[in-house]
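All figures in this text were calculated on a predicted structure; none of them were measured in a lab. Order of appearance sets the numbers: ligands from 1, and atoms from 1 within every ligand.
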Amino acid sequence: MMAKVAMITGAAQGIGAEIADHLSKDGYDIAIADLQPQAQKADEVITTVEKNGQKAVFVPVDVTDQASVSKAVAVAAEKLGGFDVMVNNAGIAKVDKFEDIDPKDLELSFRVNVFGVVYGTQAAAKKFKELGVHGKIINASSIAGMRAFPVWATYSATKAAVISLTQAAANELAPAHITVNAYAPGVVGTTGMWDEIDQKMSEINGKPLGQNKQDFVNTIPLGRTVEPNDIANMVSFLASPAADFITGQAYAVDGGGLL
Ligand SMILES: NC(=O)c1ccc[n+]([C@@H]2O[C@H](COP(=O)([O-])OP(=O)(O)OC[C@H]3O[C@@H](n4cnc5c(N)ncnc54)[C@H](O)[C@@H]3O)[C@@H](O)[C@H]2O)c1
Ligand SMILES: CC(=O)[C@H](C)O
């Protein structure tokens, strides 16, 4: 029996890489979709997936480009022989005082975090329907999409948009038995985007590097950062048959603190 296929954008590192590990342990073949310069990092994720006994391919994609996303989905489906789950994980985080928001940062944030989810949802839905698959679309929001934080206006707005897009797509795609949900993590213990966030927040508020992240963590009853493993567990659930009748939802994965 052919393995099911999952494509994860932004999977060359961080949360996306962890999701690739988990879904391959669930028996999925994985398309690791990321910007071309990330190909070498993606090789490490491919090794992980293959060690889990599943096939893996790197598919170059720029989620800000609709044609690039459509092509990436087609390549993934062709190379892996199917298409069952789309995880729109790629994202960037730009923080700044509201009065200082740079239009370039604002535009790029919406192109990656919001347009990327639109294009990924469109391409996945078309492929699912072409293959006659009851597919699953899982989007990366954030707790910052459920509640805006100071200096996080741009990022919060994009992640709130992801929740609305998730709900709207879920309603439209339900008749085709395609579910659409989102994960909304709190502070995740990855290095990637938090390095840039911490640097910028320290410039804004003068706190030492690391303190900004710790201040967030101090508000969390669980008292620790959310780990990529925690989020991958949520995605693994949303991709599983147990979630066949769950759609249009955004699940906070934040240790119960940041809402
Ligand atoms: N790290 C956190 O604390 C946190 C918390 C909540 C939500 N999230 C969300 O989870 C997702 C993953 O976050 P992460 O911490 O792993 O980030 P990360 O910065 O470590 O990884 C992001 C990945 O996305 C890729 N990417 C960026 N722009 C792209 C584009 N235009 N096309 C294709 N790929 C692109 C990058 O190359 C990178 O591999 C993001 O959507 C982020 O907003 C992260
Ligand atoms: C980056 C992010 O979404 C959380 C708030 O850490």
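- The protein non-hydrogen atom at the shortest distance from atom 33 (C) of ligand 1 is Val61 O, 3.5 Å.
- Checking Gln211 against Asp215 by side-chain atom types alone, a donor-acceptor pair falls below 3.5 Å.
- Trp152 and Trp194 have tilted rings, their planes meeting at an angle from 30° to 60° on a 0 to 90° scale.
- When the heavy atoms of Thr225, Ile143, Leu35, Ile19 are ranked by distance to atom 29 (C) of ligand 1, first place goes to Leu35.
- Comparing Ala90, Gly14, Gly189, Ala93 by heavy-atom distance to atom 35 (C) of ligand 1, the nearest is Ala90.
- Ring geometry for Tyr251 against Phe237 counts as perpendicular: the plane angle is over 60°, on a 0 to 90° scale with 30° as the lower cut.
- Looking only at protein heavy atoms, the nearest one to atom 14 (P) of ligand 1 is Ile15 CD1, 4.0 Å.
- Below 4.0 Å from some heavy atom of Gly186 lie the following atoms of ligand 1, by number and element: 3 (O), 5 (C), 6 (C).
- Looking only at distances, a side-chain donor or acceptor of Asn113 sits under 3.5 Å from a matching main-chain atom of Ile92.
- By the 4.0 Å N-to-carboxylate-O rule, Asp84 lies too far from Lys136 to be salt-bridged with it.
- Tracing side-chain contacts under 4.5 Å through hydrophobic residues (I, L, V, M, F, W, Y), one never reaches Val112 starting from Leu35; they form parts of separate clusters.
- Using a 3.5 Å distance cut-off with no hydrogens or angles, the side chains of Asp29 and Gln54 do pair a donor with an acceptor.
- A side-chain donor-acceptor contact under 3.5 Å links Asn139 and Thr166.
- For Thr9, the closest heavy-atom approach to ligand 1 does not fall below 4.0 Å.
- Considering each of Ala72, Pro37, Ala182, Pro185, the one bringing a non-hydrogen atom nearest atom 6 (C) of ligand 1 is Pro185.
- For ligand 1, the atoms lying closer than 4.0 Å to a non-hydrogen atom of Ser142 are 6 (C), 7 (C).
- For ligand 1, none of its N or O atoms has an N or O atom of Gly192 under 3.5 Å away.
- Atoms CD and CG, on Gln214 and Leu209 in that order, are 13.5 Å from each other to the nearest 0.5 Å.
- Note on ligand 2: Phe149 sits outside its first shell, no heavy atom being nearer than 4.0 Å.
- Between Lys41 and ligand 1 there is no heavy-atom distance shorter than 4.0 Å.
- For the pair Trp152 and ligand 2, the shortest N or O to N or O distance does not fall below 3.5 Å.
- The nearest protein atom to atom 8 (N) of ligand 1, hydrogens excluded, is given as Tyr155 OH, 3.5 Å; this is a heavy-atom distance.
- Where the criterion is an N or O separation shorter than 3.5 Å, residue side chain and backbone included, Ala11 fails it with respect to ligand 1.
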Should Thr154 and Val95 be marked as a side chain to side chain contact (heavy atoms under 4.5 Å, CB included) after you check the CA-CA gap, both sets of side-chain angles, and the distance that decides it?
-> CA-CA 7 Å; Thr154 297; Val95 295; over 6 Å; no
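- At a cut-off of 3.5 Å, with distance as the only test, no side-chain donor of Thr48 or Glu50 sits close to an acceptor on the other residue.
- Considering both main-chain and side-chain atoms, Ala12 never comes within under 3.5 Å of ligand 1 through any nitrogen or oxygen pair.
- In this structure a side-chain-to-backbone donor-acceptor pair under 3.5 Å is present from Ser141 to Lys159.
- In terms of protein heavy atoms, atom 32 (N) of ligand 1 is closest to Val63 N, 3.0 Å.
- Test Val5, Thr9, Ile138 against Met86 for side chain to side chain contact (heavy atoms under 4.5 Å, CB included) and you get one pass: Thr9.
- The CD1 atom of Ile15 sits 11.5 Å away from the CG atom of Asn229 when rounded to the nearest 0.5 Å.
- Close approach of ligand 1 to Ala140 (heavy-atom distance below 4.0 Å) involves ligand atoms 41 (O).
- Considering only heavy atoms from C-beta on, Thr47 stays 4.5 Å or farther from Val49 through its side chain.
- Proximity to Gly91 (heavy-atom distance under 4.0 Å) selects the following atoms of ligand 1: 22 (C), 24 (O), 40 (C), 41 (O).
- Assignment of Gly116 to the shell around ligand 1 is not supported, since no heavy atom sits closer than 4.0 Å.
- Looking at ligand 2, you'll find an N or O of Gly186 within less than 3.5 Å of one of its N or O atoms.
- Scanning all protein heavy atoms for the shortest distance to atom 37 (O) of ligand 1 gives Asp34 OD1, 2.7 Å.
- By the 3.5 Å distance cut-off applied to N or O atoms, Tyr183 is not counted among the residues near ligand 1.
- Here the heavy atom of the protein found nearest to atom 3 (O) of ligand 1 is Val188 N, 3.0 Å.
- Under a 4.0 Å criterion applied to the non-hydrogen atoms of Val187, ligand 2 contributes the atoms 6 (O).
- Rounded to the nearest 0.5 Å, atoms OG1 (Thr121) and CD (Glu172) are 10.5 Å apart.
- We find that Glu130 and Lys126 are not joined by a salt bridge, their nearest charged nitrogen and carboxylate oxygen being 4.0 Å or further apart.
- Looking only at protein heavy atoms, the nearest one to atom 17 (O) of ligand 1 is Met193 CE, 3.7 Å.
- Ranking the protein heavy atoms by distance from atom 7 (C) of ligand 1 puts Ser141 O, 3.3 Å first.
- At least one N or O atom of Thr190 sits closer than 3.5 Å to an N or O atom of ligand 1.
- Only the side chain of Trp194 comes within 4.0 Å of ligand 2, counting heavy atoms alone; its backbone N, CA, C and O stay farther away.
- At under 3.5 Å, a nitrogen or oxygen of Gln13, whether backbone or side chain, sits near a nitrogen or oxygen of ligand 1.
- Neither the backbone nor the side chain of Phe216 has a heavy atom within less than 4.0 Å of ligand 2.
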